[in-house]
Amino acid sequence: MNYLTLEDMELDGKRVLLRADYNVTYSDGKITDDKRIRETLPTIKYLLGKKCKIILMSHFNRPQDDLKKGKSMEEVRKKNTLKPVAARLSELLGKAVVFVDSCNPSSVPNAQVVLLENTRLCKQEEKNDEAYAKNLASLADVYVNDAFGCSHRAHASVHAVTKFLPSCAGFLMDKEIKELSSLFSPKKPFIAIIGGAKADKIGVIKSLLPKVDSIIIGGVLANTFLKSRGLDIKGSKFDEESLEFAKEYCNHEKIMLPEDFIVADRFAEDAESREAGLKDIPDGWRILDIDGKTIRKYKAKLMKAKTVLWAGPLGVFEFDKFATGTREVAEFLAESHAHTIVGGGDSSAAVDKFGLTEKMSHVSTGGGASLEFIEKQGKLPGIIALEESYHSHRQEGVSEILL
Ligand code: AMP
């Protein structure tokens, strides 16, 4: 892919508009996971080293949905403000981060690091509005996109803005693109593990099938596949939306399904549970994890892999009682010599919970963006915008850029 990176740019003393993904997890007025903030530190520190003035921006939650539900603007602003992120970033940098209480300011204070208010509080953001993007661009000399997690959205602060400034990828964005692109020409055998609950895995399975040697299935997705074969999964959760797709692919030679399970009488941490094959699930009980025979079968397959992609947990890993399948596979991959990319769905949260993030080759920050990246061969709006900016500035011969 052709786009510019930080090291291609002439940045000394420049004003940099930096798009980050600060859509952090937040509850009871506190940031509960600051990983997304920490991950932007390499880019911010590099820019500080170049004596840049950094104007940060990000979205947070979905304020426009809150407004559609009839909440007042005041309530929506209060719930969706990025102000706590400015405070946390300031602690992490050991430097003042000035918060600007507007997502569309005409000027910003003369400070080295500023953070604008949540871009999605401006309705023009999600419309990819050019006038809005142009105003944001007027605050800076250069645009840097380090928000890989938003690269699947054609929104003004990731897409339209690149029309108005020389643009490049930040370190996080560049690392994500390089790692995930390696899956397009993987070392074989290439095994994918796809689990979780959301239907967003279907497109990924379709695009992976020609490239992978096998796809190991778990989670709610496995239940959907088993049901599509006409098997009785009793009270287990399945995904109606994926059922037709599952019917078409459930007998595909590359798809591996679980054979034994941990089942529970209800969806709860302290539910009564037992081991079961499909035929002995009690009425009304549900599958919440894979069991020993399946775990062994999956590990035997993974043993030969040279490349592994993992998207979505294999069971309800949030409850310790039903985390065994996900944990055992995570531990196995942590020790494996295969190039292991964890990306999409909640598998990255699971790997984090087991303290194994550092042992994987790459744990993507992208969630839905990582899955769409794989499905669309990297052709995501935010990345296309960087590529187009590269080509247009190349033609124009913009002097600030070192090509
Ligand atoms: P996703 O975001 O699509 O990766 O889905 C992750 C969620 O799937 C996690 O919260 C898991 O608890 C949930 N999950 C995985 N397996 C099951 C299952 N057998 N039954 C219900 N939920 C599951």
Is it the case that the ring center of [Y] lies less than 6.0 angstrom away from the ring center of [X]?
{"X": "Tyr298", "Y": "Phe332", "result": "no"}
{"X": "Tyr26", "Y": "Phe60", "result": "yes"}
{"X": "Phe373", "Y": "Phe184", "result": "yes"}

Any salt bridge linking [X] with [Y]? Criterion: basic side-chain nitrogen under 4.0 Å from a carboxylate oxygen.
{"X": "Lys321", "Y": "Glu269", "answer": "no"}
{"X": "Glu75", "Y": "Lys71", "answer": "no"}
{"X": "Lys359", "Y": "Glu335", "answer": "yes"}
{"X": "Asp270", "Y": "Arg266", "answer": "yes"}
{"X": "Asp65", "Y": "Arg120", "answer": "no"}
{"X": "Arg36", "Y": "Glu39", "answer": "no"}
{"X": "Arg77", "Y": "Glu74", "answer": "no"}

What's the spacing between [X] [atom1] and [Y] [atom2] if we round to 0.5 Å?
{"X": "Met173", "Y": "Leu6", "atom1": "CE", "atom2": "CG", "answer": "11.0 Å"}
{"X": "Cys168", "Y": "Leu4", "atom1": "SG", "atom2": "CG", "answer": "6.5 Å"}
{"X": "Thr224", "Y": "Leu257", "atom1": "OG1", "atom2": "CG", "answer": "10.5 Å"}

Check against salt bridge (Lys or Arg N to Asp or Glu O under 4.0 Å), Asp260 and Lys293: CA-CA 6 Å; Asp260 60 344; Lys293 191 172 168 199; over 6 Å; no
If the test is side chain to side chain donor-acceptor pair (under 3.5 Å), which one of Asn145, Asp174, Asp146 qualifies with Thr43?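 Checked Asn145, Asp174, Asp146 against Thr43; only one passes side chain to side chain donor-acceptor pair (under 3.5 Å): Asp146.
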Do Ser181 side-chain atoms and Ile177 backbone N/O form a donor-acceptor pair below 3.5 Å?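 Indeed, once roles are kept as given, a pair shorter than 3.5 Å links the two residues.
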Test your reading of the model: is there a side-chain donor-acceptor pair from His155 to the backbone of Ser157, 3.5 Å cut-off?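 Checked: no pair found.
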Can you see whether Thr40 engages Tyr22 through a side-chain donor-acceptor pair at a distance of less than 3.5 angstrom?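 Tyr22 and Thr40 do have a side-chain donor-acceptor pair below 3.5 Å.
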Does the side chain of Val16 reach to within under 4.5 Å of the side chain of Leu11, using non-hydrogen atoms?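 SC-SC contact between Val16 and Leu11 confirmed.
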Would you say Arg19 and Thr119 make side-chain contact, with heavy atoms under 4.5 Å?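 With C-beta onward as the side chain, the pair touches.
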